[in-house]
2 protein chains.
Amino acid sequence: MTSQGDQQTIGVEYWRALGQQLRVDSIRSSTTGGSGHPTSSMSAADLMAVLMSRYLRYDFDEPENPANDHLIFSKGHASPLLYSMYKAAGAITEDELMSFRSFGSRFQGHPTPVIPWVDVATGSLGQGLPIGVGVALAGKYLDRLPYHVWVLCGDSEMAEGSMWEAFQHASHYGLDNLTAILDMNRLGQSGETMDGWNGDHYARRAEAFGWHAIQIDGHNPEEIDHAYAEAIEQDTPTFIIARTEKGHGVSSLANQLGKHGKPVPQGEEDAAIEELGGNRGITVEVQKPDSSPEPTVTSEPTGTLDLPVYEEAEATRTAYGEALRAIGNVREDVVALDGEVSDSTRAQKFAEAHPDKYFEMYIAEQQMIAAAVGLSVRGYAPFASSFATFFTRAYDFIRMAAISGANLRISGSHAGISIGPDGPSQMGVEDIAMMRAVHGSTVLYPCDANQTAKLVAGMSDTGGISFIRTTRDSTPILYGSDEEFPVGGSKTVRESGEDAVTVVTAGITVHEAIKAADELAGEGTNIRLIDAYSVKPLDAATIHAAVADTNGRLVVVEDHHPEGGIGEAVLSALSETGEELKFRHLAVNNMPGSGTGAELMNEAGIDSEGIASAVRELKNK
Amino acid sequence: MTSQGDQQTIGVEYWRALGQQLRVDSIRSSTTGGSGHPTSSMSAADLMAVLMSRYLRYDFDEPENPANDHLIFSKGHASPLLYSMYKAAGAITEDELMSFRSFGSRFQGHPTPVIPWVDVATGSLGQGLPIGVGVALAGKYLDRLPYHVWVLCGDSEMAEGSMWEAFQHASHYGLDNLTAILDMNRLGQSGETMDGWNGDHYARRAEAFGWHAIQIDGHNPEEIDHAYAEAIEQDTPTFIIARTEKGHGVSSLANQLGKHGKPVPQGEEDAAIEELGGNRGITVEVQKPDSSPEPTVTSEPTGTLDLPVYEEAEATRTAYGEALRAIGNVREDVVALDGEVSDSTRAQKFAEAHPDKYFEMYIAEQQMIAAAVGLSVRGYAPFASSFATFFTRAYDFIRMAAISGANLRISGSHAGISIGPDGPSQMGVEDIAMMRAVHGSTVLYPCDANQTAKLVAGMSDTGGISFIRTTRDSTPILYGSDEEFPVGGSKTVRESGEDAVTVVTAGITVHEAIKAADELAGEGTNIRLIDAYSVKPLDAATIHAAVADTNGRLVVVEDHHPEGGIGEAVLSALSETGEELKFRHLAVNNMPGSGTGAELMNEAGIDSEGIASAVRELKNK
């Protein structure tokens with residue numbers, strides 16, 4: 001805790017000097033990089049100076065130490081400040097800091113876990129705090145370690161509803177290991193925030209949500225020091241509302257509109273640095289945690305996985321819940337979250353068997369995904385479930401989770417128009433498009449219960465963002481429980497000769513295709529039927545071989561909008577092979593209402609009748 | 001206001017009887033329909049009985065009357081209650097009520113504007129209140145009419161952050177014409193809500209957000225009556241917290257877990273109806289508004305549109321802002337909203353010229369889209385803007401807006417990896433996939449400023465959900481200001497003979513393709529270059545003709561992930577034509593970091609070098 005550049009003891013003068021150094025380095029790095037947010041860094045510099053030198057417990061040499069505190073910059077655009085802290089901590093060099101925002105540098109415009117001390121990518125506002133809730137849940141309920149989660153928040157992002165989801169959940173779960181620090185610098189990007197410097201507004205809201213609130217001058221090190229000391233003593237989460245100035249310390253920048261996201265122009269930085277007392281060389285010895293415990297959790301199975309076996313028709317959503325329950329028996333890292341529909345998604349089956357590893361996230365899908373990402377930071381393997389369509393609510397969080405490199409499993413139930421009477425608001429018909437477009441994602445869509453069980457097990461071993469799409473109603477059993485369904489594979493349900501038509505589908509429409517095949521067989525027309533249960537990655541080789549065998553005749557049918565779904569995945573997979581296709585795409589082109597699943601699928605032309613009709617049309621081509 | 005069935009005067013006994021009738025009809029319709037949410041309807045029946053008979057001002061014969069109040073069921077699953085109110089109001093027949101959830105009936109599982117008295121589709125929780133904020137904004141700031149916006153909220157949906165966005169914005173904008181009624185029935189779908197019957201929690205939060213809060217017994221008509229009277233007198237929005245019982249009035253249902261979303265089984269409904277006092281025939285004469293003013297706004301231009309003209313390189317985002325400003329000069333219905341980045345999206349140009357028609361929505365993209373939908377309910381033509389990638393935050397709202405049949409224009413700036421140093425959190429690389437998958441959507445992606453101006457004008461005349469994707473950096477001018485760019489069209493930028501390779505692209509990569517064409521021309525290789533600025537609907541005919549002309553040789557390049565973007569749109573468009581393709585798809589397959597736009601596009605292989613290389617590879621095939 002002693003400084004090496006300036007030989008001072010920790011105290012007000014030290015903090016003032018360190019704060020100025022962080023400001024200077026924020027200016028230097030962003031001016032050199034040619035872009036970035038120095039002013040939003042400068043407002044929070046004193047807050048971070050006190051935190052890193054007295055409160056943060058973090059071993060920069062061992063970022064995987066389970067006892068480390070967690071520091072999340074929810075206001076990710078203050079990355080120059082974060083990187084300047086790394087330099088002050090001796091974790092990075094001057095040259096590394098000056099590589100800010102340059103091609104190939106890990107010190108990107110917004111923090112990502114390419115940097116070993118960054119837990120999660122931020123930069124989409126309103127995500128760091130809800131993710132912090134997830135890390136704090138892990139600390140309190142799973143790791144049971146005394147680490148603290150510190151989240152630096154911007155005041156503009158307080159307008160994001162996801163922040164209030166985080167406030168609710170942190171209070172509901174009694175997260176006394178969580179402190180959010182509000183850098184209330186008054187100024188947003190294009191103007192003043194909704195609440196400006198009205199700290200009372202923020203305090204009343206935080207208190208109404210069950211948090212302890214502390215209002216301080218964010219440039220007064222003593223007040224900051226006292227606030228942190230008070231925060232870690234609370235038995236509730238704490239919200240420190242720090243009144244600050246954007247660009248503090250440089251008269252031409254301080255508290256000025258129009259200075260957001262703009263580096264100090266080259267040539268003008270020297271005067272700014274001089275006003276801040278010049279370049280300093282303080283190195284902070286950040287305190288390490290008291291211990292370095294073994295990893296708290298492992299993905300190694302503790303026994304033999306005993307997946308459920310189905311011999312009679314069952315809903316794939318039920319198989320999801322029962323398979324997850326079984327996986328929970330032998331995988332201590334597997335945890336589940338649900339958006340208060342666990343009786344529908346069947347996550348309830350896991351929750352009942354493993355109540356200590358289940359987190360009820362209520363109707364707050366953004367917080368659910370954020371919490372899952374936070375749990376993933378601590379090495380857990382979260383499965384998050386809701387209706388497929390309600391993950392549209394959390395798409396920004398899913399997209400960012402991919403940038404975070406999070407391992408996140410998502411189960412979307414009630415997929416497609418086949419759910420019937422509930423109507424279009426409950427029907428997932430954009431979910432495949434949405435999930436396929438996520439970087440590095442895996443998209444699975446089973447049609448029977450045994451297949452589902454195997455795919456859920458496969459997901460538990462799959463990194464990155466994976467998504468399984470399940471069906472509301474029972475579907476017949478097609479596959480024996482001894483069959484395997486590797487990610488990236490497919491099943492050829494009906495073989496055929498070259499006079500046939502290839503039909504590719506997945507999920508509920510596999511059963512419609514079988515009905516069509518049976519009907520067409522009576523007419524002497526054969527279908528080569530491929531169950532493309534792995535929509536991404538798709539089994540391009542099998543599909544290509546089938547299409548080549550059947551003279552290019554291909555029907556793709558899906559209970560999904562035509563854009564971005566199975567049809568386009570198949571076309572992409574075949575596109576570079578140069579096959580001449582005779583193609584029909586059956587998908588949901590209309591706006592459905594209520595009705596039975598059968599009525600709605602018939603109306604959309606994706607049932608056995610629609611498939612048979614498309615096959616008849618193609619067979620002589 | 002007199003009842004016709006029971007000849008009573010309006011008062012406690014009348015309200016009790018009407019409440020019971022609404023419960024009975026909720027049970028009858030859902031039992032007949034075989035699914036639905038009677039218990040969630042029964043909790044709010046008394047609240048709605050008092051509202052419809054004394055406070056609501058609504059002309060069911062003239063739903064377009066601008067002076068009508070607005071009643072939004074944010075808890076859309078209580079549709080049996082809403083439809084029972086329509087029957088009680090004499091607006092629908094017994095047979096229509098009993099068609100609930102059947103195929104072809106407009107009385108779907110959740111309300112949609114297929115019904116003339118429904119403003120917007122609900123059923124995805126947490127949307128009705130933020131949309132109500134939009135309607136109330138229209139009432140207070142644009143229509144300047146005294147109608148009141150009543151929103152019935154569920155307690156489970158209070159966990160959605162979007163509700164708190166609505167609380168913030170309603171208070172910020174002083175929406176004294178908005179009353180939210182919380183049906184606090186304690187029980188969610190799978191268990192108790194986070195706050196149960198803790199009305200104080202809700203009241204403190206609402207008050208902290210600047211609302212007037214009233215706590216009542218939601219089954220006491222007198223208390224309900226007084227609460228509404230108090231609400232309409234406030235100069236702030238009001239939150240009525242009504243403690244209710246789910247399934248109230250039927251002992252086997254009331255306040256029971258496990259009764260969510262389940263109709264009373266056939267055969268058991270008679271006992272329930274008897275307990276509620278049997279079938280009644282009360283008809284409520286709902287009060288009409290005092291006046292029937294002319295429509296407050298028209299889309300008819302008030303003058304000649306004078307779009308900006310560009311002769312030098314300019315960013316398409318700037319052309320967006322300047323074109324919108326020009327449209328605002330002649331279209332009184334055009335309004336704009338932005339998520340506190342209007343200096344980046346350039347919506348600021350509209351805001352400065354038309355401050356009365358601009359709504360700052362701060363960093364709250366869900367509330368922004370919801371408000372736009374609410375403004376669309378009142379006949380305005382909203383344009384909502386943010387970074388393209390941040391619309392992932394509001395995807396559920398956009399999806400639901402399509403079900404609502406809303407006319408909504410969205411502008412997503414900073415598309416693609418070409419934005420450079422800010423890094424992946426700010427890069428829209430899923431937005432085309434997401435927006436294409438929306439039912440009936442239009443997706444536009446201009447490459448120069450003159451084209452942008454024309455497309456923005458085209459959007460203002462396009463119904464449904466339309467999306468324009470703009471670029472951060474300046475791009476050269478390709479097109480004269482006299483050229484037209486109809487939705488559904490394309491531009492052939494370079495013509496060619498059949499020895500050429502067709503290149504289809506849009507936006508910033510058009511300029512890369514031109515560079516590639518120039519370079520390849522030196523080698524004697526020609527490109528047929530198509531600017532597919534209308535990604536949906538796509539100009540399939542032109543693309544097909546080009547591909548046929550160039551012997552099937554096709555490169556698609558896009559600054560977007562490969563899934564669901566321009567490449568797959570083109571493959572879909574060509575899929576049923578049976579062309580044998582020699583195809584290469586250049587898209588963003590990697591996870592970008594920071595760097596210059598040129599560096600990142602080169603790394604991803606979507607710059608002129610990547611295009612030239614793909615063309616060379618295909619030209620001899």
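Here the structure is a predicted model, which is why all the values come from computation and not from measurement. Order of the sequence lines fixes the chain letters, A, B, ..., with proteins taken first and strands second; residue numbering starts at 1 for each chain.
Per-residue heavy-atom pair counts under 4.5 Å with chain A were compared for B/Ser190, B/Gly123, B/Gly423, and the maximum is reached by B/Ser190. Contact count versus chain A (heavy atoms, under 4.5 Å) is highest, among B/His561, B/Arg204, B/His560, B/Lys621, for B/His561. The residue among B/Met163, B/Lys582, B/Glu365, B/Gln348 with the most heavy atom pairs within less than 4.5 Å of chain A is B/Glu365. The choice from B/Gln426, B/Met434, B/Arg106 that makes the most heavy-atom pairs within less than 4.5 Å of chain A is B/Gln426. Most heavy-atom pairs under 4.5 Å with chain A, from the set B/Glu580, B/Arg101, B/Gln367, B/Met361: that is B/Arg101. Each of B/Arg399, B/His201, B/Lys536 has some count of heavy-atom pairs under 4.5 Å with chain A, and the biggest count is that of B/Arg399.
Annotation: the span from A/Phe583 atom CZ to B/Leu571 atom CG amounts to 9.5 Å, rounded to 0.5 Å. Rounded to the nearest 0.5 angstrom, B/Asp195 CG and A/His172 NE2 are separated by 8.5 Å. A distance of 7.5 Å separates CZ of A/Phe100 from OG of B/Ser594, quoted to the nearest 0.5 Å. Considering OH of A/Tyr395 and CG of B/Asp431, their distance stands at 9.0 Å, rounded to 0.5 Å. Between the OH atom of B/Tyr362 and the CD atom of A/Glu192 there is a distance of 8.0 Å, given to the nearest 0.5 Å.
Using a 4.5 Å cut-off between heavy atoms, B/Asp200 makes no contact with chain A at all. In this structure, the portion of B/Glu360 lying under 4.5 Å from any heavy atom of chain A is its side chain and not its backbone. Only the side chain of A/Glu603 has a heavy atom closer than 4.5 Å to any heavy atom of chain B. Interface residue B/Thr389: backbone and side-chain heavy atoms are both found under 4.5 Å from chain A. At a 4.5 Å heavy-atom cutoff, the contact between B/Glu599 and chain A is made by backbone and side-chain atoms alike. Contact annotation for A/Phe397: only side-chain heavy atoms (C-beta onward) come within less than 4.5 Å of a heavy atom of chain B. Both the backbone and the side chain of A/Ser572 come within contact range of chain B, with heavy atoms under 4.5 Å apart. In this structure, chain B has a heavy atom under 4.5 Å from the side chain of A/Met400, while its backbone stays farther away. Contacts between A/Thr122 and chain B at a heavy-atom distance below 4.5 Å involve the backbone alone (N, CA, C, O). Contact of A/Asp338 with chain B is not made at all, since no heavy-atom distance falls under 4.5 Å. Contact annotation for A/Met427: only backbone heavy atoms (N, CA, C, O) come within less than 4.5 Å of a heavy atom of chain B. With a threshold of 4.5 angstrom between heavy atoms, A/Asn590 approaches chain B through N, CA, C or O but not through any side-chain atom.
Using modelled atom types, no side-chain atom of A/Glu340 and backbone atom of B/Ser156 make a donor-acceptor pair closer than 3.5 Å. Checked by atom type and distance alone, the side chain of B/Glu165 pairs as donor or acceptor with a backbone atom of A/Gly161 at under 3.5 Å. Looking at A/His110, its side chain does come within 3.5 Å of a backbone N or O of B/Asp422 through a donor-acceptor pair.
Residues B/Phe390 and A/Ser124 are in side-chain contact: their nearest non-hydrogen atoms beyond the backbone lie under 4.5 Å apart. Contact check for A/Ser575 versus B/Leu581: no side-chain heavy atoms found under the 4.5 Å cut-off. Between B/Phe103 and A/Thr596, every side-chain heavy-atom pair lies at or beyond the 4.5 Å cut-off.
Counted by atom type alone, A/Thr392 and B/Asp396 present one or more donor-acceptor pairs between their side chains at under 3.5 Å. Using a 3.5 Å distance cut-off with no hydrogens or angles, the side chains of B/Gln189 and A/Ser344 do pair a donor with an acceptor.
Pairing each heavy atom of B/Ala437 with each of A/Ala433, the nearest pair is CB-CB, 3.7 Å. Here the shortest heavy-atom pairing between B/Met158 and A/Gln168 reads O-NE2, 3.1 Å.
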Show your reasoning for whether side-chain contact (heavy atoms from CB on, under 4.5 Å) applies to A/His169 and B/Met194.
CA-CA 9 Å; A/His169 285 74; B/Met194 240 188 287; 3.6 Å; yes
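Ion pair A/Glu160/B/Arg393 flagged as a salt bridge, since at least one NZ, NE, NH1 or NH2 atom sits closer than 4.0 Å to an Asp/Glu carboxylate oxygen. Between B/Glu430 and A/Arg436 there is no salt bridge, since no side-chain nitrogen of the basic residue lies less than 4.0 Å from a carboxylate oxygen of the acidic one.
Both tests hold for B/Arg205 against A/Phe209: distance to the six-membered ring centre under 6.0 Å, angle to the ring axis within 45°.
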